[in-house]
Amino acid sequence: MRLLSRKATCNSHGQDSSYFLGWQEYEKRPYDAVRNPTGIIQMGLAENQLSFDLLESWLAANPDAASFRRDGESIFRELALFQDYHGLPAFKKTLAEFMSEIRGNKVSFDPTNLVLTAGATSANETLIFCLAEAGEAFLLPTPYYPGFDRDLKWRTGAEIVPIECHSSNGFKITQAALDDAYESARKRNLRVKGVLITNPSNPLGTTMTKEELNLLLNFVNAKDIHLISDEIYSGTVFKAPGFISVMEVLHDKKLENTDVWNRVHIVYSLSKDLGLPGFRVGAIYSNNDTVVAAATKMSSFGLVSSQTQYLLSALLSDKNFTKNYIKENQKRLRRGHEMLVNGLRNVGIECLQSNAGLFCWVDMRHLMRSNTFEGEMEIWKKILYDVGLNISAGGSCHCSEPGWFRVCFANITEDTLNLSMQRLKNFVISLNSSSSQSHHQRMNNSRRRSLTKWVLRLSFNDRAPEER
Amino acid sequence: MAVGIEKPPVGLSRVAISQTHGENSPYFAGWKAYDENPYDEIKNPSGVIQMGLAENQVSFDLIEEYLKQHPETSTGGDHNSNFRENALFQDYHGLPSFRKALASFMGQIRVGRAKFDPDRVVLTAGATAANELLTFILADPGDALLIPTPYYPGFDRDLRWRTGVKIVPIHCNSSNNFQVTRQALEEAYNSAKAMNVRVRGVLITNPSNPLGATVQRQVLEDILDFVTKKNIHLVSDEIYSGSTFSSSEFVSVAEILEARNYREAERVHIVYSLSKDLGLPGFRVGTIYSYNDKVMTTARRMSSFSLVSSQTQQLLATMLSDKKFTENYIRTNRERLRKRYDMIIEGLKKAGIECLKGNAGLFCWMNLGPFLDKPTRESELVLWSSIVHEVKLNISPGCSCHCSEPGWFRVCFANMSEQTLEVALKRIHDFIKKQR
């Protein structure tokens with residue numbers, strides 16, 4: 001008899017994808033300015049390391065928060081015993097206020113509709129447990145965060161069906177793409193329970209337009225399904241156009257107390273905006289009482305440490321701090337983004353125009369020897385092993401077009417970023433010199449690109465799931 | 001136990017609307033009574049005393065003293081670690097220094113009779129997460145785990161709700177102090193088979209909740225032989241291991257495995273947590289210690305859904321690495337729990353109430369069988385209702401723990417001051433006097 005469950009022996013944890021392979025390689029010889037200057041530079045990790053000094057100085061000025069003290073009194077016991085899945089009231093209040101502040105106070109959040117979870121990883125999985133099961137699916141626009149394959153499908157048994165987006169319109173969601181995805185699910189005998197978007201997008205780094213959000217709301221309304229909006233990068237919008245939360249659109253369209261109001265759920269976390277992934281602070285926000293009730297009970301399986309809830313409630317209640325942090329953090333992200341975009345442009349590499357996130361969506365189609373995912377992997381491997389940069393290949397993000405890569409900029413210093421651009425420059429030069437004879441071929445390729453794209457789409461769908 | 005499956009309203013999953021989370025069970029009325037009228041020594045001396053919460057509040061002063069003497073513990077540990085590094089640390093392997101300290105702590109509790117390899121320690125947000133995670137790994141939906149009764153009511157939710165796995169009880173009774181017998185194991189296994197349900201493992205809690213007693217060595221050997229024979233798993237939830245009143249009386253399955261040279265160890269998995277022994281349920285620190293590499297690797301990956309806050313890992317790594325502190329804590333905690341236990345047993349005896357002979361945990365298993373109208377579950381619930389609403393003590397009825405014999409109740413004693421315990425004992429004394 002098979003000794004472990006199917007879940008334990010399947011590959012749905014997704015750890016065989018290149019996303020994790022690059023990570024592993026980095027772990028073997030990580031770059032260090034002093035100790036390993038030729039090591040691999042980690043540009044595949046969407047972490048925000050640009051604003052720690054702001055947090056550190058707040059902590060130094062407010063030692064009570066980390067020392068289990070409130071107004072000079074020890075509250076150690078209270079915190080040590082606090083395991084109520086409704087969460088520390090003071091923390092939920094300040095978290096709701098922070099979420100509102102990030103949205104320019106255009107929407108307000110009711111703390112009683114907030115459910116705390118151990119990170120957005122847990123929040124997303126919990127929501128899917130509440131909304132879908134085996135035989136059912138959520139539609140996700142591509143490209144999407146590789147971790148979703150594990151987070152949304154592994155233990156829940158639910159499926160993901162992609163909403164294919166293309167560079168021809170900046171990877172925006174279209175009605176046709178939504179309809180195609182819905183039809184594709186139907187053909188696979190999967191009942192669609194909802195759409196999950198990440199806004200701002202990972203890996204694109206773009207915020208959703210009002211048009212897209214309207215399109216989505218109309219779609220989920222018409223199909224009687226849910227909409228999950230993962231807004232964990234909402235605080236990283238550093239440039240116009242600003243961030244429009246789906247909650248804002250619902251308000252503007254006066255959709256409170258309608259059916260669709262009960263089917264829109266937001267996921268948030270402090271891992272990206274505050275740069276605290278280790279603290280495991282995630283949240284689900286929903287106007288649907290049943291979802292909030294079920295998710296609250298489920299959060300028992302991933303509660304946030306009371307020690308951490310208390311520290312962060314103190315931090316976030318300091319409105320001077322939050323106001324300054326949000327502004328300064330965005331400024332630094334803008335700068336890092338500019339550096340990366342300009343650095344890439346200098347070597348003839350363009351990025352998708354973006355205004356948010358901790359990364360850029362980089363176009364390296366012209367560097368590929370063939371316009372295929374094999375060609376993309378070839379570049380990716382060269383960049384990993386020869387150039388020494390761990391970046392994320394679009395294929396691992398389920399992008400339907402080969403040649404796109406996600407490159408992170410917020411987890412390294414400016415010096416390291418400069419070095420990475422230097423290395424890339426040398427690489428591109430060497431590529432150009434060795435392949436000048438195939439320049440003619442590349443010209444032909446670009447003309448045939450639209451045909452190839454169509455052909456690729458067919459063959460891509462034919463592949464077994466784990467090969468994507 | 002059957003979950004009613006109806007058409008979900010507004011497009012939610014069956015899991016979301018099922019009742020398997022168990023929170024609508026009758027005994028939650030006890031919690032409600034407490035919430036509405038909580039006892040306070042000064043402000044509400046006639047309120048309901050909470051004796052249904054297995055918390056350890058007797059040794060906080062030791063931890064508070066430690067933190068006072070070592071203030072750097074909460075703010076960032078030694079000079080090598082710093083806030084930035086800690087805030088970024090989300091590696092599901094867990095903080096190495098914390099794993100080392102935890103493995104060592106687990107070994108200390110077993111007085112060196114078993115050793116734990118830090119690299120096998122998988123961290124989860126509490127034992128609640130650990131137990132669910134293991135169930136996801138060891139069983140498929142529709143399969144079953146065998147669990148000796150009476151058992152912790154939370155298992156109904158933790159092991160069944162989202163996993164779709166069933167629990168089949170191994171019936172135990174007072175004739176032999178509720179110890180698991182070979183016959184009971186076979187009967188449980190066969191009853192699962194008769195329902196066409198595939199058994200994937202046995203899950204025991206040692207020391208037992210709600211019995212407050214350690215599992216005897218011979219019984220552990222029998223259970224290990226049984227799971228080997230049936231080629232299934234054994235999960236040993238040892239979260240009360242540090243709460244044994246005498247360190248020599250607890251036998252961990254780890255010791256048995258060591259004595260057997262780890263033969264057949266790949267089917268054994270231990271769950272531990274700091275919620276009971278250290279009294280830190282709010283910090284969400286649990287662990288799975290599996291002797292099976294595949295289970296360990298899978299559990300580690302799955303722990304992504306319930307990681308322990310790195311801030312908490314750092315704090316506890318520092319504290320638990322201090323051997324002087326841990327040795328003193330473990331020893332003192334045991335002594336204080338024993339003292340509480342003796343106090344409650346004595347007090348109940350004076351009232352004419354017998355308890356199961358216990359040697360561990362934060363509660364005693366009280367026998368009110370002689371005071372039931374009829375030896376039935378209904379009678380037990382009627383008596384329980386009086387105790388909650390008239391005597392104003394929230395205790396846990398045996399039926400909530402799936403006990404097959406009516407009349408038993410779990411009474412917690414470590415979550416209150418000695419004064420409060422005196423008040424509770426007096427109330428029981430007066431109540432029983434009235435019954436006679």
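Keep in mind the model is a prediction, meaning the values are calculated, not measured. Convention: sequence-line order gives letters A, B, ...; per-chain numbering from 1.
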Check whether B:V285 gets within reach of chain A through its side chain, its backbone, both or neither, counting any heavy atom under 4.5 Å.
neither
State whether the side chain of A:S305 and the backbone N or O of B:T312 hold a donor-acceptor pair below 3.5 Å, judged by distance alone.
no
Work out which heavy atom in A:L303 is nearest to a heavy atom in B:A125; give both atom names and the distance.
O-CB, 4.2 Å
Structural part of B:L53 lying under 4.5 Å from a heavy atom of chain A
neither
Which atom names give the shortest non-hydrogen contact between A:H226 and B:L12, and what distance separates them?
CE1-CD2, 3.9 Å
Which atoms of A:E125 are under 4.5 Å from chain B, going by heavy atoms: the side chain, the backbone, both sets, or neither?
side chain
If you compare all heavy atoms of A:L4 against all heavy atoms of B:K294, which two are closest, and at what distance to 0.1 Å?
CD1-CG, 3.3 Å
Would you name the heavy atoms of A:S5 and B:A139 that are closest together and state the gap between them?
CB-O, 3.3 Å
To the nearest 0.5 Å, what is the distance between CD on B:E132 and CZ on A:R155?
5.5 Å
When the 4.5 angstrom heavy-atom criterion is applied to B:L315 and chain A, the contacting part is side chain
Contact origin within A:Y310 toward chain B - heavy atom pairs under 4.5 Å
neither
What part of B:D158 gets within 4.5 angstrom of chain A, counting heavy atoms only: side chain, backbone, both, or neither?
both
Side chains of B:Q311 and A:L312: closer than 4.5 Å at any heavy-atom pair?
no
Before giving the answer on ring-ring contact (aromatic ring centres under 6.0 Å, His included), spell out for B:F60 and A:F68 the whole-Å C-alpha distance, their side-chain angles and the decisive distance to 0.1 Å.
CA-CA 13 Å; B:F60 273 132; A:F68 306 100; over 10 Å; no
Donor-acceptor pair, distance only, cut-off 3.5 Å: does the side chain of A:K297 make one with the backbone of B:R157?
no
Mark yes or no for whether B:D140, through its side chain, and A:R6, through its backbone, hold a donor-acceptor pair below 3.5 Å.
yes
Measure from the side-chain N and O atoms of B:S74 to the backbone N and O of A:S67, and report whether any donor-acceptor pair falls under 3.5 Å.
no
Is the shortest heavy-atom distance from the side chain of A:P277 to the side chain of B:L88 under 4.5 Å?
yes
Could you state the interatomic distance from CG (B:D91) to CD (A:E27), rounded to the nearest 0.5 Å?
7.0 Å
Hey, what do you get for OG (B:S304) to CG (A:D151), rounding to the nearest 0.5 Å?
7.5 Å
Report yes if the side chains of B:N86 and A:F279 come closer than 4.5 Å at any heavy-atom pair, otherwise no.
yes
Under 4.5 Å to a heavy atom of chain B? For A:V281 that would be neither
Taking B:F83's backbone N and O only, do any of them form a donor-acceptor pair with A:E56's side chain (distance below 3.5 Å, no angle check)?
no
Identify which part of A:E136 has an atom lying under 4.5 Å from any heavy atom of chain B, answering side chain, backbone, both or neither.
neither
Can you tell me how the ring of B:F305 sits relative to the ring of A:W154, calling it parallel under 30°, perpendicular over 60° and tilted otherwise?
tilted
So which residue, B:Q90, B:R284, B:R84, B:R267, ends up with the most heavy-atom pairs under 4.5 Å with chain A?
B:R84
Any idea which of A:C130, A:G119, A:G302 has the most non-hydrogen atom pairs under 4.5 angstrom with chain B?
A:C130
Name the option with the most non-hydrogen atom pairs under 4.5 Å to chain A; the candidates are B:L138, B:L133, B:V308.
B:L138
Spell out, as yes or no, whether a donor-acceptor pair under 3.5 Å connects the side chain of B:S310 to the backbone of A:G278.
yes
Quick check on B:L95 against chain A: is it the side chain, the backbone, both or neither that has a heavy atom closer than 4.5 Å?
neither
For the student: nearest non-hydrogen atoms of A:R280 and B:L307, plus distance
NE-CD1, 3.6 Å
Should the pair B:W161 and A:F301 be assigned to parallel (<30°), tilted (30 to 60°) or perpendicular (>60°) ring geometry?
tilted
With chain B, the option among A:N48, A:L311, A:I128, A:T156 that has the most non-hydrogen atom pairs under 4.5 Å is A:L311
Which atoms of A:I225 are under 4.5 Å from chain B, going by heavy atoms: the side chain, the backbone, both sets, or neither?
neither
Grab the two heavy atoms, one from A:K193 and one from B:S13, that are nearest each other, plus how far apart they are.
NZ-N, 4.5 Å
Does some side-chain heavy atom of A:F76 sit less than 4.5 Å from a side-chain heavy atom of B:L280?
yes
Roughly how far, to the nearest 0.5 Å, is CD of B:Q313 from CD of A:Q307?
10.5 Å
For B:K68, salt bridge (charged side-chain N to carboxylate O under 4.0 Å, His left out) partners two or more places apart:
none
